[in-house]
Amino acid sequence: MSRKRFLLWFIVAIMYALGLVVTKKAVDADQKRDRQPAAPLVDAGRAIALPPMSDDGPVNGEALFQQYRGWGEDSGRPPVILLHGSPGGFDNFDGSRSRPGLGESCADGRQSFALDLPGMGRTKPWHDPPTWSSRSHAHAVLAFMDAIGIDRAHIVGWSNGGAVALNMADIDADCVASIVMLGSVGAQEVEGSGSYWFEHAKYEVGIAATYVAERLLPHFGLLDLRDLRRGLRNFDDTDQRPLSGIMRSLRTPTLILHGRDDFLVADWAAEYHHELIPTSTLVMTEHDHFMPFLAAEETAEHIAAFVRRFD
């Protein structure tokens, strides 16, 4: 190797090492902020303290403060509760100045609510729950309902939020007036390869890759993969295998609302879920996975027409 080339590689190595030092300091600062004691810091909407949950319910530990937002007035009808996917947060259902979001659009003669699922969304400082599973999130949403005085609600589960809705009905069917599976996941056999073991190995690799990328790429604190990692942990901690049995035995009225152009959850998955759930209604639209964003008012019309039948 020539001296000139050696010098060039030496300079690159020094710059890379300096970049890693600066990056490590930035990542360490983010982690230190993450470890600060949880507090009801409200950026938008309101915050509520919920106990940490396992798949079996509440466990001992520091409370989790989760943000939520509500729309509409209490009319005596069961409200609609909107559950986001992974990664995501309650603000997925916000609108803009020019166009209402799904949360506001669902407040048609009733209240609607959206909340950050434990450890996710905009609630800061971050405070990791004991598990990120959809089953534990179902317990958390039921605890949220109890805390703000909701006895019974219509549950809209978008994407991975659909697994939370199904688990809620399995845990306490009396609290769930109806379910809307909106571009929803469900049976393990329709998830990616269909193999539990392959899919979870994939999630584990993805989680590891986010850690490696944050520490071995000189990004100076500009690369933040925490949301992606939380989404992957949500899928990794969730066992979708029991969902087929839950759907087969489900007696809660269920609307399966799905887009034909959904590139994340295939349209045939919705048709399969319709076959599994004896009480289900299937509505296929021309939209993709992001119809809560791109067609909020039309989506709300489908939801409103369905839930009115089961107040």
Side-chain angles (χ1 to χ4, degrees), residues 44-46 48 66-85 88-117 121-122 141-142 144-159 161-162 164-166 168-169 173-184 250 252-260 262 270 274 277 279-311:
R46 291 166 282 187
I48 191 167
Q66 298 303 130
Q67 281 189 227
Y68 71 97
R69 189 192 295 283
W71 297 266
E73 301 294 331
D74 185 2
S75 63
R77 296 178 177 179
V80 170
I81 296 179
L82 299 149
L83 306 178
H84 63 79
F90 79 90
D91 56 349
N92 289 168
F93 304 108
D94 281 344
S96 64
R97 292 183 179 179
S98 60
R99 179 177 297 179
L102 187 59
E104 182 181 350
S105 298
C106 283
D108 179 20
R110 70 181 75 241
Q111 287 181 296
S112 65
F113 295 92
L115 74 153
D116 286 344
L117 295 173
R122 295 171 64 185
V141 179
L142 290 167
F144 165 78
M145 291 172 60
D146 184 61
I148 66 172
I150 298 174
D151 296 325
R152 191 165 172 264
H154 301 283
I155 309 299
V156 177
W158 176 39
S159 193
V164 180
L166 291 171
M168 287 176 66
D174 291 339
C175 290
V176 181
S178 72
I179 293 172
V180 178
M181 295 176 66
L182 177 56
S184 173
L250 191 65
T252 304
T254 302
L255 170 64
I256 300 171
L257 181 57
H258 210 94
R260 283 288 180 196
D262 195 322
H274 178 48
I277 302 173
T279 56
S280 66
T281 300
L282 176 63
V283 174
M284 302 299 296
T285 74
E286 63 183 9
H287 303 295
D288 61 20
H289 195 70
F290 297 100
M291 55 183 161
F293 298 147
L294 304 177
E297 292 177 277
E298 178 187 338
T299 303
E301 288 174 3
H302 287 296
I303 294 170
F306 181 77
V307 302
R308 276 196 296 264
R309 296 161 52 193
F310 304 105
D311 281 341

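Note: hydrogens, waters and symmetry copies are ignored here, and every other heavy atom, side chains too, is used. Positions are given from 1 along the sequence. Quantities reported herein were computed from a predicted structural model and do not represent experimental measurements.
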| How many angstroms lie between atom CG of Leu115 and atom CD1 of Ile81, to the nearest 0.5 angstrom? | 7.5 Å
| Looking at residues at least two apart in the chain, or sitting in another chain, which of them share a salt bridge (charged side-chain N to carboxylate O under 4.0 Å, His left out) with Asp262? | none
| request: Could you tell me whether the side chain of Gln67 and the main chain of Asp116 form a donor-acceptor pair under 3.5 Å? | output: no
| Contacts of Thr254 that satisfy side-chain contact (heavy atoms from CB on, under 4.5 Å) - sequence neighbours left out | Ile179, Met181, Leu250, Ile256, Ile277, Thr279, Ser280
| note | Output for pair (Leu257 CG, Met291 CE), nearest 0.5 Å, gives 4.0 Å
Listed pairs under 3.5 Å, donor-acceptor, residues 303-311 side chains, sequence neighbours left out:
unit_1	atom_1	unit_2	atom_2	d
Asp311	OD1	Arg110	NH1	2.9
Asp311	OD1	Arg110	NH2	3.4
Asp311	OD1	His154	NE2	2.8
Asp311	OD2	Arg110	NH2	2.9

| message | Please evaluate residues Phe113 and Ile150 with respect to the criterion side-chain contact (heavy atoms from CB on, under 4.5 Å), reporting the C-alpha separation (whole Å), side-chain torsions for both, the decisive distance (0.1 Å), and the verdict. | response | CA-CA 11 Å; Phe113 295 92; Ile150 298 174; 3.8 Å; yes
| request: Sequence neighbours left out, what passes side chain to side chain donor-acceptor pair (under 3.5 Å) with Glu298? Give chain and number order. | output: His287
| remark: Looking only at heavy atoms, the pair that brings Ser184 and Gly157 closest together is CB-O, 4.0 Å
| said: The criterion is side-chain contact (heavy atoms from CB on, under 4.5 Å); which residues satisfy it with Phe290, sequence neighbours excluded? | reply: Trp158, Phe263, Leu264, Asp288, Phe293, Leu294
| said: Looking at every heavy atom in both Met145 and Cys175, which two are closest together, and how far apart are they? | reply: CE-O, 3.5 Å
| request: Work out which heavy atom in Arg152 is nearest to a heavy atom in Ala177; give both atom names and the distance. | output: CZ-CB, 3.6 Å
| query | Roughly how far, to the nearest 0.5 Å, is CD of Glu301 from SG of Cys106? | reply | 10.5 Å
| query | In Å and rounded to the nearest 0.5 Å, what is the CG to CZ distance from Asp91 to Arg69? | reply | 8.0 Å
| field | Met284 side, atom CE; His274 side, atom NE2 - distance, nearest 0.5 Å | value | 11.0 Å
| said: I need the minimum non-hydrogen distance between Met168 and Leu83, along with the two atoms involved. | reply: SD-CD1, 4.1 Å
| Which atom pair, heavy atoms only, marks the closest approach of Phe93 to Ala114? | CD1-CB, 3.7 Å
| task | Kindly write out the residues that satisfy side chain to side chain donor-acceptor pair (under 3.5 Å) with Arg99, not counting sequence neighbours, or none if the list is empty. | result | none
| task | Starting from the C-alpha separation in whole Å, work towards a yes-or-no answer on side-chain contact (heavy atoms from CB on, under 4.5 Å) for Leu182 and Leu102. | result | CA-CA 12 Å; Leu182 177 56; Leu102 187 59; 4.0 Å; yes
| Of the non-hydrogen atoms in Pro100 and Ala296, which two are nearest, and what is the gap between them? | O-CB, 3.9 Å
| said: With a 3.5 Å distance limit and no angle check, can you tell me whether Gln66 reaches the backbone of Ile48 through a side-chain donor-acceptor pair? | reply: no
| Intermediate values then yes/no, side-chain contact (heavy atoms from CB on, under 4.5 Å), Asp174 and Asp151 | CA-CA 8 Å; Asp174 291 339; Asp151 296 325; over 6 Å; no
| note | Hits for side chain to side chain donor-acceptor pair (under 3.5 Å) against Ser159, two or more places apart or cross-chain, chain-then-number order -> His289
